[in-house]
Amino acid sequence: MEAIMGNHTAGNAMGKQAQALLSNRPQGMTAIELLDLICTPYRGCDAEFESEDPEHRGFVHPEFGDWRDPHPQAALGMLMLEAFAPNGVSDQPRYAAGFDERNDEAALDAWYAEVEVPFRQRYRFC
């Protein structure tokens, strides 16, 4: 049986759009409003969010592996933090412990339950 792969183009488009919007954030727009703008066109999509290196197309970004990571350079992840984390972006260090060399399982579980699940449910990503 052949494995079905998700839509990498959709994930990359959302990640890059998040970067563009955060670098020139429209005044007064909340994180959830920006996420709605970015993600609504892809609602229900089987999106894959593996990041892409801007210098080497087709390769993973050297700073973060996924556009949704709670990494300061992963704009989509930072918007997700701001929108869904209990304490907004101030929760970033707590979640980051699951994504760096510490590989903290409790941090990964918290990220998944508090941020990833609400994000996926809101936009019905597979």
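In this text the structure is predicted, and so the values were computed from the model without any measurement.
Within 6.0 Å of CZ in Arg102 there are more than 12 heavy atoms belonging to other residues, nucleotides or ligands.
Between Asp66 and Glu50, the closest side-chain pair of non-hydrogen atoms is not below 4.5 Å. Under the 4.5 Å side-chain criterion, counting only non-hydrogen atoms from C-beta, Tyr95 is in contact with Glu114.
Within the structure, side-chain hydrogen bond (donor to acceptor under 3.5 Å, both in side chains) pairs that include any residue of residues 70-85 comprise Arg25-Glu82 (at least two apart or interchain).
If you take CZ on Phe119 and CG on Leu81, they are separated by 11.5 Å, rounding to the nearest 0.5 Å. Atom OG in Ser51 sits 10.0 Å away from atom CD in Glu63 (nearest 0.5 Å). Taken from CZ in Phe49 to CZ in Arg120, the straight-line distance is 6.0 Å, to the nearest 0.5 Å. One finds the CE atom of Met80 at 4.5 Å from the CH2 atom of Trp111 (value rounded to the nearest 0.5 Å).
Nearest approach of Asp69 to Gly65, heavy atoms of both residues: OD2-N, 3.3 Å. Closest approach of Pro72 and Gln92 over heavy atoms only: CD-NE2, 3.6 Å. Pairing each heavy atom of Ala110 with each of Arg94, the nearest pair is CB-NH1, 3.5 Å. Closest approach of Pro118 and Ala113 over heavy atoms only: CD-O, 3.6 Å.
Side chain of Asn7 to main chain of Ala10: a donor-acceptor pair is present (N/O by atom type, distance under 3.5 Å, no hydrogens or angles). Put simply, the side chain of Arg43 never gets that close to the backbone of Phe125: no donor and acceptor are under 3.5 Å apart. Within the 3.5 Å criterion, the main-chain N or O of Ala107 finds a donor-acceptor partner in the side chain of Asp104.
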Identify all side-chain donor-acceptor contacts of residues 12-22 below 3.5 Å with residues at least two apart in sequence or on another chain.
from  : atom 1 : to    : atom 2 : distance (Å)
Asn12 : OD1    : Trp67 : NE1    : 2.8
Lys16 : NZ     : Glu52 : OE1    : 2.9

Donor-acceptor contacts, no H, no angles, side chain residues 32-41, under 3.5 Å, sequence neighbours left out:
from  : atom 1 : to     : atom 2 : distance (Å)
Glu33 : OE1    : Thr30  : N      : 2.8
Glu33 : OE1    : Thr30  : OG1    : 3.3
Asp36 : OD1    : Arg122 : NE     : 2.9
Asp36 : OD1    : Arg122 : NH2    : 3.2
Asp36 : OD1    : Tyr123 : OH     : 2.6
Asp36 : OD2    : Arg122 : NH2    : 2.9
Thr40 : OG1    : Asp36  : O      : 2.6

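In terms of hydrophobic clustering, with Ile, Leu, Val, Met, Phe, Trp and Tyr side chains grouped at heavy-atom distances under 4.5 Å, Met29 and Val89 are assigned to a common cluster.
Taking the six-membered ring for Trp and thresholds of 30 and 60 degrees, His61 and Phe64 have nearly parallel ring planes, at less than 30 degrees apart.
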